[in-house]
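Here's the structure, in structure tokens; my notes come after.
Protein chains get the first letters and strands the later ones, always in sequence-line order, with residue 1 at the start of each. As a basis for the values below, the full set of heavy atoms in this structure was taken, side chains included, without hydrogen atoms, waters or symmetry mates.
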Amino acid sequence: MIDIKQLSIGDWVQHGTNPCKIRSIIRKAAISDDEVVYVVELADPQFGDVFSVRLSSLKPLPLNADRMAAIGFEHTDASLANWRIMIDDSHRIETRGFSEDYLTLYYERLTDCEEWAIVAQMDCESVHHLQRFVTMCNIHKEIKL
Amino acid sequence: MIDIRELSIGNWVGIPVDTLDSHVLCEDFEIARGIVTGQVTRLSEDGGYVELRVEGNRGIIMQNSYLEPIPITREMLESNGFYEASTDHWVCSAPHAFIAVGLKQGQGIQCEVGEVTLLSQELVVHRLQQAIRLMGVDKEIKL
């Protein structure tokens, strides 16, 4: 199950087998002191539907090579293990050792000595984690699949 | 103005309630979490609006453009378990993590877990919360 605190509007999640985009997050009702039902409204890009589901029915959308490419990453070697996206001339995000279910993101900045320095890094397991990291790096880029 | 796509449940945002000498006065609201007097209960991309529930079941729908980020202050850091390690440099130890906030210009939020670091230059409360969560640290900022 996804942690509601990690989700934002526009994030991609998995409903059944389909990738869906979150249109809204609703706190529906408190069942008890410990349990609150969160409802999210999803848009299915494949069929153009909008529908509401409980948060508990959603899973994180895993990263894979196709989704990395859709986001705008370009692979830097033939094995598809390493990916890079240029933000501008002096900022980029890189991954190293990509596998189908896990990667480490490196946000790098060009220094005065013209060397790339890591300013932030994070372990990432899903598309919505990647979106959070991109936003935290002040990169105004919305992931589109 | 704040980008609605940066926000999650439990984040704190400011909503303008008045102006004083051309300054906008904001009231702080938490997004749908726990029992508080004021909550933002719904975030929607559809037209970029938020639904604000002030008391009981009374709801107000307002445009996203009314939301403002809440600046990080010394008082806020102190009340959330941070201490001033050196001038304008505040730190907090959370389980398996180290969180540092530099209040001087050009500094920012630094969240470290092991060898992993996350930085944010914007000294606003919801960015601090997002950095803490992204690093998998269980710590909720309260105002």
Side-chain angles (χ1 to χ4, degrees), chain A residues 2-12 20-30 33-34 36-43 50 52 55 91 93 104-109 117-126 128-144, chain B residues 2-11 13 30-36 39-53 57 59 61 64 67 108-122 124 126-141:
Chain A
I2 300 181
D3 181 356
I4 186 76
K5 293 177 292 186
Q6 294 282 359
L7 288 181
S8 296
I9 306 296
D11 279 348
W12 288 92
C20 290
K21 195 176 183 191
I22 293 181
R23 278 170 52 97
S24 66
I25 300 172
I26 307 162
R27 179 186 192 260
K28 199 70 174 177
D33 288 347
D34 299 327
V36 172
V37 175
Y38 289 103
V39 172
V40 296
E41 207 173 62
L42 299 172
V50 175
S52 297
L55 176 74
H91 295 86
I93 295 178
T104 302
L105 296 166
Y106 300 88
Y107 179 38
E108 299 182 320
R109 185 172 52 205
I118 296 171
V119 292
Q121 76 180 76
M122 193 190 84
D123 295 336
C124 179
E125 295 173 359
S126 65
H128 74 275
H129 281 141
L130 179 57
Q131 179 71 74
R132 278 299 77 66
F133 184 78
V134 166
T135 307
M136 285 297 294
C137 295
N138 270 346
I139 301 159
H140 299 287
K141 181 176 182 60
E142 193 176 353
I143 293 171
K144 296 186 193 304
Chain B
I2 205 169
D3 184 343
I4 202 166
R5 289 168 300 191
E6 287 185 29
L7 298 174
S8 304
I9 301 290
N11 282 164
V13 293
E30 188 178 20
I31 298 174
R33 201 177 147 81
I35 300 166
V36 290
Q39 289 181 331
V40 179
T41 59
R42 180 175 172 145
L43 299 169
S44 176
E45 190 183 33
D46 185 14
Y49 68 83
V50 296
E51 185 178 325
L52 179 66
R53 201 163 294 279
N57 291 320
I61 291 177
N64 174 30
L67 296 178
I109 299 161
Q110 183 173 330
C111 191
E112 293 178 21
V113 177
E115 294 179 351
V116 181
T117 303
L118 191 65
L119 298 174
S120 177
Q121 294 294 318
E122 290 191 41
V124 292
H126 76 276
R127 283 292 183 94
L128 174 60
Q129 182 69 78
Q130 298 288 50
I132 292 170
R133 288 176 178 173
L134 265 175
M135 300 304 278
V137 179
D138 185 19
K139 179 178 175 63
E140 293 290 302
I141 300 293

**Rounded distance (nearest 0.5 Å) linking atom CG of A/Asp3 with atom CZ of B/Arg133** = 7.0 Å
**Prompt:** Which atom names give the shortest non-hydrogen contact between B/Gln130 and A/Ser8, and what distance separates them?
**Reply:** NE2-OG, 4.1 Å
**Spacing of B/Ile132 atom CD1 and A/Lys5 atom NZ [to the nearest 0.5 Å]** = 11.0 Å
**Request:** Kindly compute the distance separating CE (B/Met135) from CG (A/Asp123), expressed to the nearest 0.5 Å.
**Result:** 8.0 Å
**Exam field: side chain A/Arg132 to backbone B/Leu134, donor-acceptor pair closer than 3.5 Å** = no
**Prompt:** Which atoms of A/Phe133 come close to chain B, meaning under 4.5 Å heavy atom to heavy atom: side chain ones, backbone ones, both, or neither?
**Reply:** both
